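Data block below; observations after.
Predicted model only: the values in this text are computed from it and were never measured. Heavy-atom basis, side chains included; hydrogens, waters and symmetry copies ignored. Letters A, B, ... mirror the listed sequences (proteins, then strands); counts begin at 1.
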2 protein chains.
Amino acid sequence: MTATAARTSPRKRPGNGAARPVDADEIGLDALVGHAGYAVRRFQIWIFQDFIRTLGDVDIRPTQYSVLTVIGANPGLSQMAVAKRLGIERARLVHLLDSLEQRKLVKRVKSKVDRRSHALHLTPQGETALAKFKRLAAEHERHVEEKIGKENRERLLRILADFT
Amino acid sequence: MTATAARTSPRKRPGNGAARPVDADEIGLDALVGHAGYAVRRFQIWIFQDFIRTLGDVDIRPTQYSVLTVIGANPGLSQMAVAKRLGIERARLVHLLDSLEQRKLVKRVKSKVDRRSHALHLTPQGETALAKFKRLAAEHERHVEEKIGKENRERLLRILADFT
DNA sequence: AAAAGATTGTTGTTGACGACAACAATTGTC
DNA sequence: GACAATTGTTGTCGTCAACAACAATCTTTT
């Protein structure tokens with residue numbers, strides 16, 4: 001169908017200077033409810049907030065967690081490799097690593113193969129810290145299950161598997 | 001299971017200053033692949049980029065589109081009502097409306113019921129423009145279908161329906 | 001081997017966005 | 001009428017993506 005069919009249908013009180021106080025959820029979203037992007041955005045906000053709250057005591061944000069996890073699973077990676085794999089700008093990764101290195105979780109080792117690049121490694125403290133982070137992240141993941149349901153979460157992971 | 005079971009398993013060449021150039025996608029994500037948040041984040045980035053590109057000619061970003069859609073479907077709403085409904089900070093909405101009002105798509109009408117608030121309306125040009133935006137947004141939505149599949153998209157919308 | 005081009009890490013800028021805090025004008029409550 | 005709450009506004013701060021520029025270092029070409 002063409003879009004002319006999607007008539008907007010002003011609900012009520014279309015007037016001009018009305019603005020009677022509306023009851024919050026009686027507001028229609030119209031075309032928005034058919035858009036995956038809108039639902040995904042709202043969900044992502046929720047999920048990130050829960051992650052940040054759940055990992056609040058250890059002060060680790062989602063992006064930091066993803067960087068630590070990838071380095072932990074692939075020691076010796078260059079910054080470029082990590083950035084590409086996670087879809088982060090290499091400029092942004094610089095600050096992330098600065099922070100993680102100050103906290104003694106990661107160290108940059110000058111590579112001898114390519115003296116431009118740094119080989120990234122977890123420090124011993126980084127390893128034990130990451131283990132704790134993973135425990136908390138798993139707890140966060142349980143919150144997701146409680147929110148959307150166990151089977152829905154798995155369905156969602158399958159649907160979006162290509163994007164990881 | 002407890003998290004100690006999730007042993008990280010450094011893949012190969014764990015040494016210290018290695019950093020041999022890796023082949024991009026042979027990098028393991030480890031724990032990340034079990035996290036809904038990571039997949040959702042990557043998907044959201046993809047979907048927003050496609051939206052921005054598809055609506056690039058008319059220079060409309062996702063948030064602007066959501067604001068226009070809600071106002072179009074509920075003329076006369078206050079800024080507070082729109083902000084609450086879309087989960088936007090009212091402070092942020094001020095700038096969004098400034099921009100949309102400069103482009104003559106929206107107008108703020110001083111409410112006579114509550115002289116603190118503004119009743120939001122689309123201008124005539126705003127109406128016709130929104131119709132075009134919706135057409136383009138529908139095209140973007142088709143891109144999503146091509147990417148994840150028609151039935152997967154519907155499944156996803158059902159799963160995340162509560163967040164809209 | 002020297003010159004030209006590409007890559008890596010870094011620094012900086014821009015703009016969208018969420019979170020907060022403060023404020024004037026106005027409304028609601030007691 | 002005094003006092004608290006709400007609405008729009010302005011401002012600051014920190015996160016994040018997108019670029020652009022740069023020095024140091026490979027890689028390729030000749």
### Query
Atom CD of A:Glu89 and atom P of C:dT10: how far apart are they, to the nearest Å?
15 Å

### Task
Confirm from the modelled atom types if B:Arg116 and D:dT6 form a donor-acceptor pair under 3.5 Å, side chain to base only.
yes

### Task
When you get a sec, tell me which of D:dA18, D:dC16, C:dG18 is the closest nucleotide to the side chain of B:Gln49?
D:dA18

### Message
Nearest to the B:Arg92 side chain among C:dG18, D:dG8, C:dT10, which nucleotide is it?
### Response
C:dG18

### Side chain of B:Arg61 - closest among C:dC17, C:dG12, C:dG9
C:dC17

### Summary
Note: contacts of residues 94-104 of chain A with DNA chain C (heavy atom, under 4.0 Å) are A:Val94

### Message
Closest approach to the side chain of B:Asp114, judged atom by atom: which nucleotide of C:dG18, C:dT27, C:dA21 is it?
### Response
C:dT27

### Heavy-atom donor-acceptor pair, B:Gln79 side chain to B:His118 backbone, under 3.5 Å
no

## Note on the structure
Whole-Å distance, B:Gln44 CD to D:dC16 C1', equals 12 Å

### Task
Counting heavy atoms from C-beta on, name the nucleotide in C:dT27, D:dG8, C:dT11 closest to the side chain of B:Ser78.
D:dG8

### Task
Calculate the interatomic distance between A:His118 atom NE2 and C:dT8 atom P; express it in whole Å.
13 Å

### Task
Give A:Arg90 one of three labels, base, sugar-phosphate or nothing, depending on what nucleic acid heavy atoms sit under 4.0 Å from its own.
base

### Query
Is there side-chain contact between A:Tyr65 and A:Lys134, with heavy atoms separated by less than 4.5 Å?
yes

### Atom-pair distance (CD1 on B:Ile88; P on D:dG8), nearest Å
13 Å

